[in-house]
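Atoms considered below: every heavy atom in the structure, side chains included; atoms not considered: hydrogens, waters and symmetry mates. Residue numbers start at 1 and run along the sequence shown.
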Amino acid sequence: MKSIRTAIIGASGHYGQVTDAAKQGLIPLPLGIAPGDRGEDVSGLARALGIKQFDSWQEMLDEIDPQLAVVNSWYGHMAEKTVYCLERGIHVFSEKPLAASFEQLEALEKAYASGHAALGCMLNLNCCGWYKAIEQSVAQGDIGKLRLIHAQKSYRMGSRGPQYQNRDDYGGTIPWVGMHAIDWILGLAGRCEQVSAYHTRLDNGGNGDMETCAVISMQLEDEVLASADLDFLRPSG
């Protein structure tokens with residue numbers, strides 16, 4: 001097992017991708033965890049993993065000096081931590097979206113381009129067997145020439161935590177939920193040439209600014225057409 005010093009910033013995303021790898025012996029356990037945002041409770045995860053809990057993620061990075069930072073704070077705020085880490089030469093494995101605004105994206109691209117640290121995103125579903133089977137089938141021409149793609153992601157709404165209530169904290173249902181569907185489509189059909197999208201916050205069960213559902217329409221290379229619909233409309237049962 002290759003030794004790598006790892007630290008976790010926040011516990012609001014899919015940190016399980018890293019902790020599961022550690023439990024399987026693929027990487028060492030992270031050395032510490034700290035909240036990424038106000039009110040974020042990481043104590044339960046710290047106890048479960050048996051690792052040190054810090055109050056400040058900046059102080060944690062100073063003490064541990066990690067080679068890899070796992071960033072999964074509130075979704076709209078991840079870019080600032082990622083930029084900070086990249087500028088310090090720390091590799092980053094970030095929850096999605098990497099950036100939730102054009103300003104964040106510009107800062108992120110600048111930090112990545114000016115350094116030597118690697119940057120990865122938690123788009124793990126494109127590694128699943130079902131997607132690999134689709135990808136292989138399309139590449140082999142099993143379905144003929146690709147002309148139309150449709151993707152869907154459906155979640156239960158329920159009562160969501162504070163990070164979902166405000167758009168600045170949440171980042172939006174398309175960047176959070178739709179990111180996977182967009183990734184699938186681009187993986188199968190290549191570059192996007194035109195895109196439009198719509199969303200609504202109506203009937204979101206009192207969850208603040210959180211969008212209930214959204215649709216995306218895309219035209220890709222070779223005039224392949226694609227659509228995705230994303231929702232929190234799955235019945236609670």
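Remark: E106 CD is loosely packed, at most 12 non-hydrogen atoms of other residues, nucleotides or ligands lying under 6.0 Å away. Under a cut-off of 6.0 angstrom, the local environment of CG in D55 is sparse, with at most 12 non-hydrogen atoms contributed by other residues, nucleotides or ligands. Within 6.0 Å of OH in Y112 there are 12 or fewer heavy atoms belonging to other residues, nucleotides or ligands. Applying the 6.0 Å contact sphere to CD of E59 captures no more than 12 heavy atoms from other residues, nucleotides or ligands.
In terms of modelled atom types and a separation under 3.5 Å, the side chain of N207 and the main chain of G158 share a donor-acceptor contact. Put simply, the side chain of Q194 never gets that close to the backbone of S217: no donor and acceptor are under 3.5 Å apart. Under a 3.5 Å cut-off, the side chain of Q104 and the backbone N or O of A100 do form a donor-acceptor pair. When atom types are taken as modelled, the side chain of E211 and the backbone of T173 share a donor-acceptor pair closer than 3.5 angstrom. Judged by distance alone, the side chain of T82 and the main-chain N or O of M78 form a donor-acceptor pair under 3.5 Å. Checking side-chain atoms of R167 against main-chain N and O of G171 turns up a donor-acceptor pair under 3.5 Å. A donor-acceptor contact shorter than 3.5 Å is absent between the side chain of N204 and the backbone of T212.
We find the NZ-OG distance between K81 and S94 to be 10.0 Å, quoted to the nearest 0.5 Å. Expressed to the nearest 0.5 Å, how far CZ of F54 lies from CD of E63 amounts to 4.0 Å. One finds the OG atom of S196 at 9.5 Å from the CD1 atom of I216 (value rounded to the nearest 0.5 Å). Put simply, SG on C213 and NZ on K153 are 15.5 Å apart, with the number rounded to the nearest 0.5 Å. Rounded to the nearest 0.5 Å, atoms CG (L26) and CG (D20) are 10.0 Å apart.
At least one side-chain heavy atom of M122 sits less than 4.5 Å from a side-chain heavy atom of V70. Between L188 and E135 there is a side-chain heavy-atom pair separated by less than 4.5 Å. L125 is listed as a side-chain neighbour of C128, based on a closest heavy-atom distance under 4.5 Å. Side-chain contact check for L98 versus L119: some heavy-atom pair is nearer than 4.5 Å. The shortest side-chain heavy-atom distance between L68 and I90 does not fall under the 4.5 Å cut-off. Contact check for M210 versus R160: side-chain heavy atoms found under the 4.5 Å cut-off. Contact annotation: the side chain of V18 approaches that of F93 to within less than 4.5 Å [non-hydrogen atoms, C-beta and beyond].
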For residues 27-47, please give each side-chain donor-acceptor pair under 3.5 Å, one per line with the distance, not counting sequence neighbours.
unit_1: D37; atom_1: OD1; unit_2: H77; atom_2: ND1; d: 2.5
unit_1: D37; atom_1: OD2; unit_2: S73; atom_2: OG; d: 3.4
unit_1: D37; atom_1: OD2; unit_2: W74; atom_2: N; d: 2.9
unit_1: R38; atom_1: NH2; unit_2: D169; atom_2: OD2; d: 3.3
unit_1: E40; atom_1: OE1; unit_2: G36; atom_2: N; d: 2.6
unit_1: E40; atom_1: OE1; unit_2: D37; atom_2: N; d: 3.2
unit_1: E40; atom_1: OE2; unit_2: A11; atom_2: N; d: 3.1
unit_1: E40; atom_1: OE2; unit_2: S12; atom_2: N; d: 3.3
unit_1: E40; atom_1: OE2; unit_2: S12; atom_2: OG; d: 2.5
unit_1: D41; atom_1: OD1; unit_2: S43; atom_2: N; d: 3.0
unit_1: D41; atom_1: OD1; unit_2: S43; atom_2: OG; d: 2.6
unit_1: D41; atom_1: OD2; unit_2: S43; atom_2: OG; d: 3.4

For residues 219-230, run the donor-acceptor check on the side chains, cut-off 3.5 Å, and write out each pair with its distance to 0.1 Å, sequence neighbours left out.
unit_1: E221; atom_1: OE2; unit_2: R191; atom_2: N; d: 2.5
unit_1: S227; atom_1: OG; unit_2: H150; atom_2: ND1; d: 2.8
unit_1: D229; atom_1: OD2; unit_2: H150; atom_2: NE2; d: 2.8

Would you be so kind as to tabulate the donor-acceptor pairs closer than 3.5 Å made by side chains of residues 174-185, with sequence neighbours excluded?
unit_1: H180; atom_1: NE2; unit_2: K96; atom_2: NZ; d: 3.4
unit_1: D183; atom_1: OD2; unit_2: N126; atom_2: ND2; d: 2.8

| task | Evaluate the side chain to side chain contact (heavy atoms under 4.5 Å, CB included) criterion for residues Q165 and Y170: first the C-alpha distance (whole Å), next the side-chain angles of each, then the deciding distance (0.1 Å), finally the verdict. | result | CA-CA 7 Å; Q165 306 291 320; Y170 174 44; over 6 Å; no

| task | Before giving the answer on side chain to side chain contact (heavy atoms under 4.5 Å, CB included), spell out for D65 and R5 the whole-Å C-alpha distance, their side-chain angles and the decisive distance to 0.1 Å. | result | CA-CA 8 Å; D65 188 24; R5 296 186 308 279; 3.9 Å; yes

| task | For salt bridge (Lys or Arg N to Asp or Glu O under 4.0 Å), just list the numbers for R156 and D231, CA-CA rounded to whole Å, side-chain angles, deciding distance to a tenth of an Å, and then say yes or no. | result | CA-CA 8 Å; R156 298 178 180 91; D231 69 76; over 6 Å; no

| Working for side chain to side chain contact (heavy atoms under 4.5 Å, CB included), residues C192 and V195 | CA-CA 7 Å; C192 178; V195 62; 4.0 Å; yes

| Stepwise, does the side chain to side chain contact (heavy atoms under 4.5 Å, CB included) test hold for Y164 with D209? | CA-CA 8 Å; Y164 293 88; D209 291 339; over 6 Å; no

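The two atoms that bring V92 and C85 nearest to each other are CG2-CB, 3.5 Å, heavy atoms only. The minimum heavy-atom distance between A189 and L146, with the atom names listed, is CB-CD2, 4.1 Å. Among all heavy-atom pairs drawn from A7 and M60, the shortest one is CB-CE, 3.7 Å. When all heavy atoms are compared, the tightest approach of L49 to I8 is CD1-CD1, 4.5 Å.
Under a hydrophobic-cluster definition in which Ile, Leu, Val, Met, Phe, Trp and Tyr are linked whenever side-chain heavy atoms come within less than 4.5 Å, directly or via other members, M157 and Y155 are assigned to the same cluster. Residue L61 is grouped with residue L86 when hydrophobic side chains (ILVMFWY) are merged at heavy-atom distances under 4.5 angstrom, including chains of intermediate members. Under the 4.5 Å side-chain contact rule for hydrophobic residues, Y15 and W57 do not share a cluster. With hydrophobic clusters built from ILVMFWY side chains whose heavy atoms lie under 4.5 angstrom apart, I149 shares a cluster with I143.
Under a 4.5 Å side-chain heavy-atom criterion applied to ILVMFWY residues, the cluster that includes V215 comprises Y198 as well.
Under the side-chain hydrogen bond (donor to acceptor under 3.5 Å, both in side chains) criterion, E95 pairs with H14, not counting sequence neighbours. Scored by the side-chain hydrogen bond (donor to acceptor under 3.5 Å, both in side chains) test, Q53 finds no partners at all (sequence neighbours excluded).
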